[in-house]
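All figures in this text were calculated on a predicted structure; none of them were measured in a lab. Naming: A, B, ... by sequence-line order, numbering from 1 per chain.
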There are 2 protein chains.
Amino acid sequence: MHPEKNSALFDNRLLASLPDEDHRQVLMHCESVELALDEVISEPGEQIRHVYFPVDCFFSLVTPPIDHAGLEVRLVGSEGMVGTPLVLGIDVTLLRTVVRGAGPAWRMTAERFPEALGQSPALRITLNRYLFVVTNQVEQMVACTRFHVLEARLARWLLMTRDRAHSDHFHATHEFLALLLGVRRVGVTKAATALQKRNLIHYSRGDIRVLDRPGLQAAACACYGESEAMYERFMG
Amino acid sequence: MHPEKNSALFDNRLLASLPDEDHRQVLMHCESVELALDEVISEPGEQIRHVYFPVDCFFSLVTPPIDHAGLEVRLVGSEGMVGTPLVLGIDVTLLRTVVRGAGPAWRMTAERFPEALGQSPALRITLNRYLFVVTNQVEQMVACTRFHVLEARLARWLLMTRDRAHSDHFHATHEFLALLLGVRRVGVTKAATALQKRNLIHYSRGDIRVLDRPGLQAAACACYGESEAMYERFMG
DNA sequence: GCCCGTATGTGCGATGGCGTACAGACCAGG
DNA sequence: CCTGGTCTGTACGCCATCGCACATACGGGC
C-alpha cells in the first residue's frame, strides 16, 4: 500500500451524494469488502452476483475479444459503480471486470439490489444519471480511440488512473497497458519513454509515478477534460 | 421512394413486442409523423422534445466534434428508438441526430413519455433491455473502430444501413460516409471501389445498391453479426 | 447541347502503428 | 553471487491511413 494513500478520506461518490437517510438504508444492504489486485470480478456473459461501490479501489472493464484481444472501455473508481446492467434490471454483463487497484469497496448482492433501488428514489435517480454519463463517455471513447495518437491516449489513461487511484503512484507494465489500449507493447514503450523524457512521469518495472499533472494533461487529448466535465455536470 | 419498399409491412419492433393492451396505450400517446431526409432531430446539448419510434425510417447518431469532426456511434431504425436518455429520466442528448432514411415514425412528446413508461411496465422492461443492448453495441464499436480496416467497417455499415432501410437500395455519397466513419473521402472511395470490383455492391453518385448480401457479410468484420446477435438474444 | 457543380478516381510523400526479433536491465530466489 | 524470469529499449521492413493536389465523369438546368 502506498503511504500517501489514506482510504478513510474517501467514500463512494454515488452513495455519498444521497440524502443521509437513503445513504444509511443503502449501506444496510451492503457489506464491506477488500479487493485484491488483478481479482477478476466478472467474465463476459456471466451472471452478475454483486454490485460494487468502490471506496478506494478501482476496476477496469474490458470488451470481450472477437477478432482481436479486448480493449478497455471503462475505468471505474469511487466515482462510479460496477454492475450497471442491474440498474436496467439485467443480471448479466458482457464485459470482463478486473480489479486494477486494490482496496475497500461496498458490495451488495444482486438479489438485494432491486429492493434497495425500490426503497430509495434518490439512489434510482443517481444511478440513472450515472448510466447516462457512462454511456456518453463510451460514445466519446469511440471517437477518441479513432482519432487520437497513442501518446495522447496513454496520457489520458494515466490521468484517469491517477484520479481513481487517489495517488500519483500506481502500477501497470507496458505489456498490460498495451492490452488495455489495444496496441503493441512496443508502442506503449515508445509513448511512455516520450512522456518520461519530458519529465511528466517516471516509471520502472511497472511502477508508475505522475510527476507533472498539468503537463500530462496538456499532453493528453481533450477527451480527459471533456469526460470529467461531463461527470461533474450531471453528477456534481 | 424505392419501389421495393413497402412501409405497411413494418412496425417499430420495440412497440410491436409489447402486449396488445400496452401497445395500444402507448400509441395513444403518439402521433404519426413523416420524416424527411437530412432532417436534424437534435444537436449535442439540446433538450429532447420528442422520442421517436421509427417505423420505416432511420437515424444516424453522431458524437459531437471535439478535436476532430464527429463520428457515427449508432444507427437507429425500426428496431430501436431515438431519445434514449429519457428512459433514464434525462431530457438532454449529447449526440447529433440526423434522419438518414426518410419515412414514417411514431413520435411522443418528452412530457408524455414518463407517463407512458409509468403506465406500461412492459414498455419499461423493453426499453431497459434496449438500452442495455445499445450500450454494449457502442462498447463493441470502440474495439471495432480501433481494430478493423476501413473496407470491413464500410461493409458493416452498408449491411446495417441495408437492414434499417429495409431495402438493398439507399443513398450516401463517399464524402458523407467519410464523415460518419471518421476517415478521408479518398479512403472511402478506395474501399468502395474494392467492394464494387468484387461485385458486392454497385454505386454511382451516391446511389448505393447491395448486390450480394452474403458476400458483403463475408467482407465485413464479425462485429456486424455480433451486434445483430446481441440484439436478438436480449430483445428477440 | 453546353456548362457547371457535385461525385468519383488517382498519385505521392509522410506518418503512426504493426509484427517480429533481439538486446539490455533489473530483481528475486537458490 | 549467479541465474532465470520479467520488464524495458531498439531496430527493420511493412501497411493502412493521412493530407494534399489534381484529373475525370456524370447529370440537371438553361
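Looking at the side chain of K190(B), the nearest of the listed nucleotides dT10(C), dT17(D), dG17(C) is dT17(D). Side chain of H174(A), nearest nucleotide from dG19(C), dT8(D), dG17(C): dT8(D). Out of dT17(D), dT8(C), dA21(C), the shortest distance to the side chain of V186(A) is found at dA21(C).
Residue R146(A) places none of its side-chain N or O atoms closer than 4.0 Å to OP1 or OP2 of dA16(D). Within the 4.0 Å cut-off from OP1 or OP2 of dA25(D), not a single side-chain nitrogen or oxygen of Y203(B) is found.
A straight line from CD of E175(A) to C1' of dT20(C) spans 14 Å, rounded to a whole angstrom. R185(A) has its CZ atom 17 Å from the C1' atom of dG16(C), to the nearest Å. Across the protein-nucleic acid pair, R153(A) atom CZ and dG16(C) atom P stand 14 Å apart, rounded to whole Å. The nearest whole Å value for the distance from the CG atom in D207(A) to the P atom in dT6(D) is 18 Å. Straight-line distance from the CD1 atom of I201(B) to the P atom of dT8(C): 10 Å, rounded to whole Å. When rounded to the nearest whole Å, the span between CD1 of I208(B) and P of dA7(C) equals 12 Å. Distance F147(B) CZ to dG19(C) P: 10 Å, rounded to the nearest Å. Rounded to whole angstrom, the span from the CG atom of L195(A) across to the P atom of dT8(D) amounts to 14 Å.
A salt bridge does not link R209(A) with D168(A): every distance from a Lys NZ or Arg NE/NH1/NH2 to an Asp or Glu carboxylate oxygen is 4.0 Å or more.
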Checklist outcome for this item: Given protein heavy atoms under 4.0 Å, the one-letter contact record of nucleotides 25-30 of chain C, with B base, S sugar-phosphate only and - none, is simply BBS---
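How far CG of L154(A) is from NE2 of H148(A): 14.5 Å, rounded to the nearest 0.5 Å. Between the NE2 atom in H68(A) and the CG atom in L179(A) there is a gap of 12.5 Å [rounded to 0.5 Å].
Along DNA chain C, the nucleotide closest to R184(B) and the one closest to T173(B) are compared, and the more 5′ of them pairs with T173(B).
The shortest non-hydrogen separation linking G45(B) to V92(B) is O-CG1, 4.2 Å.
Heavy atoms of G206(B) sit under 4.0 angstrom from primed sugar atoms or phosphate atoms, though from no base atom.
Donor-acceptor pairing under 3.5 Å is lacking for the side chains of T63(A) and R146(B). Using modelled atom types, one finds no donor on one side chain facing an acceptor on the other under 3.5 Å when comparing H202(B) with D207(B).
Close placement of the Y203(B) and H174(B) rings is indicated, their centers lying within 6.0 Å of each other.
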